[in-house]
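One structure is given below, encoded as structure tokens.
To find a chain, count down the sequence lines: A is the first, B the second, and so on, and within it residues start at 1.
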Protein chains: 2
Amino acid sequence: MTDAEPGWELYRSFLGVLKEGSLSGAARSLGLTQPTVGRHVEALEQALGLSLFTRSQLGLAPTEAARALAPYAETLAATAAALLRVAQSQGDGVRGTVRITASEVIGVEVLPPILAALRAEHPGLRIELALTNRVEDLLKREADIAVRMVRPSQDVLLARRVGTIELGLHAHEDYLGRHGTPRSFAELMSGHAIIGFDRETAFLRGLRKELGPLRRDAFALRADSDLAQLAAIRAGYGIGICQVGLARRDARLVRVLPKALSLPLDTWVAMHMDLRDSPRCRVAFEAVAEGLGRYIEGQAS
Amino acid sequence: MTDAEPGWELYRSFLGVLKEGSLSGAARSLGLTQPTVGRHVEALEQALGLSLFTRSQLGLAPTEAARALAPYAETLAATAAALLRVAQSQGDGVRGTVRITASEVIGVEVLPPILAALRAEHPGLRIELALTNRVEDLLKREADIAVRMVRPSQDVLLARRVGTIELGLHAHEDYLGRHGTPRSFAELMSGHAIIGFDRETAFLRGLRKELGPLRRDAFALRADSDLAQLAAIRAGYGIGICQVGLARRDARLVRVLPKALSLPLDTWVAMHMDLRDSPRCRVAFEAVAEGLGRYIEGQAS
DNA sequence: GAGCGGCTATACGGTTTCGTATGACGGATG
DNA sequence: CATCCGTCATACGAAACCGTATAGCCGCTC
């Protein structure tokens, strides 16, 4: 076990290997070469006195120790990226990059016009969209601004409630024309093509009671992607769950059994307190919050 | 503005210069040489497209941009240090380094026997004590365990209330023998040597009402160090504020005007949730919490 | 089973980076 | 005013680092 602190560069290679699963892959993504990355990992292992990967011809598998260190290395990467964003935004005016995280549906269906207007007003602004249902950690600086469906509990976060997004069952009128409109939950469950999820996520587990009999084996189309589910509804595949506000935009999409299934989701926009005085983040926060507010108002009408 | 992401190594040098105020000083603390650190700073400035320091013969002064980037660089350093602690603790049993932050008084007067017993039970354990009144950020991994006088509000923190530490006015019996024991606040304020703070900290501002007329210009000895104040009380310099439990240990220390001034401070031990499953942190957390609990019980008797 | 594409490991030459040595400059001290 | 100690800047040789090239191994495919 060498006492010398390993160079911080080594963590980049470590993280690359962790993500890619091979020295060669990491080298490609890092813009290095395979021998270099191999040397880095070797040096890191020696500096830490640990075995980080089990070598094999088809790649490197992380050891338990490597998995324990992974979150810290990820924090390093996220912090370095955040530092770069701050550096780019130095200077007068609203400029630099803002990294926004949101769900796929919000990011694809709702945010684009909001961000387009924002960008038009501030040409110096660049947006990074991280679309994932995984809650990226604002504390870890994985994003500057987050759109969330749960109330942010960290009090170092600046959070604003923008309203309630309602989820409901919808179908295309073509589908309903062919198969009829179910008038009860029982009708829905028998003889209708239900669009639902594939794997059960933590979010869905929380809604298990509300969803009732809408379990995995009842679905005629299973897709984890909310976007795919939405597209299936629009294509007339069957009946599925989507945001009421989105369905309203297409007159041919009809809400089904509104009283039987209604999932109101409180929606929040959050930002780290430290970014309060950052022009780029303040402006983006306001734009996103206001834009989402308008979207939600439109849904209610 | 070069687009290439700067090497993470550069941030170490950047941080070193920021802390030391000069290339030479940073080089000394980093185990490098002055030209190397200079090159690093230069490279970082070019990569970021920013001017980070204003050069002069007596050192480098950080620019506004550098100050904006500083907290991120500090997070990088704290995370790298935390990663090393985790790496060292890999393997079976309770081993590795635990970094504990506490106030100076707690760290000097209360923690040592607790930590000694802990260490005796777990020889593989090493302790890092960060004694500061500044609340080191557990979220930023600046420490593994924190002893605090305020309720931790972050819900990613595992916090346990260990009781209430009481602060009161105390003096050495020698002093009281010479100057008499004040029987009222008015007597205390006129003709007594009061030991107090020098600069007003955020903590003290919060206590302004409780402290009443105990303002800066009323003090016959001003010291920001709580340890120095305690030492002055013990030396018979005058009357000052210290923990009741500490004064109890020395029979010659007498509490003064207990009804006029009593500051009960809720005391907490906190740890990041992620460290819950870390043997070294679990053990240290329990030991510190239990040890502080015993100390507080003794104070109450 | 031969061939192909993926991976790791190793050897070698070039480039980058580092450290040493030195010069120049400014403030504090006598 | 001269001296000394601190700082940064620059030049040069050495050491460390990286990339290229190659060998070896495995799994998949035709």
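- Between B:Gln46 atom CD and C:dT17 atom P there is a gap of 11 Å when expressed in whole angstrom units.
- Not one side-chain nitrogen or oxygen of B:His40 sits closer than 4.0 Å to the OP1 or OP2 atom of C:dT17.
- Summarising the geometry, the separation between CG on A:Leu32 and P on C:dT16 is reported as 15 Å, rounded to the nearest angstrom.
- No donor-acceptor pair under 3.5 Å is formed between the side chain of B:Asp198 and the backbone N or O of B:Asp224.
- Contact record, A:Ser13 with A:Val37: CB-CG1, 4.2 Å, taken as the closest heavy-atom pair.
- Look at CD on B:Glu9: it is 18 Å from P on C:dT16, rounded to the nearest Å.
- Looking only at distances, no side-chain donor or acceptor of A:Arg95 sits under 3.5 Å from a matching main-chain atom of A:Arg280.
- Distances were taken from every side-chain heavy atom of A:Gln34 (C-beta onward) to each of C:dA9, D:dG19, C:dG19; the shortest belongs to C:dA9.
- Formation of a donor-acceptor pair under 3.5 Å by the B:Thr79 side chain with backbone atoms of A:Tyr72 is not found in this model.
- Taking the side chain of A:Arg55 as heavy atoms from C-beta on, and the options C:dT8, D:dA9, C:dC18, the nearest nucleotide is C:dT8.
- A distance-only check finds a donor-acceptor pair linking the side chain of B:Gln229 to the backbone of B:Ala223 [under 3.5 Å].
- Between the side chain of B:Arg99 and the backbone N or O of B:Ala130, no donor-acceptor pair lies under 3.5 Å.
- Taking every side-chain heavy atom of B:Pro35 into account, C:dT20 is the closest of C:dC18, D:dG19, C:dT20.
- Between B:Thr36 and C:dG19, a side-chain N or O to OP1/OP2 separation shorter than 4.0 Å is present.
- Of the residues in residues 20-30 of chain B, B:Ser22, B:Leu23, B:Ser24, B:Arg28 come within less than 4.0 Å of DNA chain D through at least one heavy atom, sorted by number.
- Separation of atoms CD (B:Gln88) and CG (B:Leu83) is listed at 10.5 Å; rounding is to 0.5 Å.
- D:dC17 atom P lies 12 Å from atom CD of A:Glu42, rounded to whole Å.
- Heavy atoms only, all atoms of each residue included: B:Glu45 and B:Phe53 are closest at OE2-N, 3.3 Å.
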Atom pairs under 3.5 Å: protein N/O with N/O of nucleotides 24-28 of chain C:
none

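- The closest donor-acceptor contact from the side chain of A:His272 to the backbone of A:Asp274 lies under 3.5 Å.
- As rounded to whole Å, 12 Å separates atom P of C:dC18 from atom CZ of B:Arg12.
- To the nearest angstrom, P of D:dC25 lies 18 Å from CG of A:Leu60.
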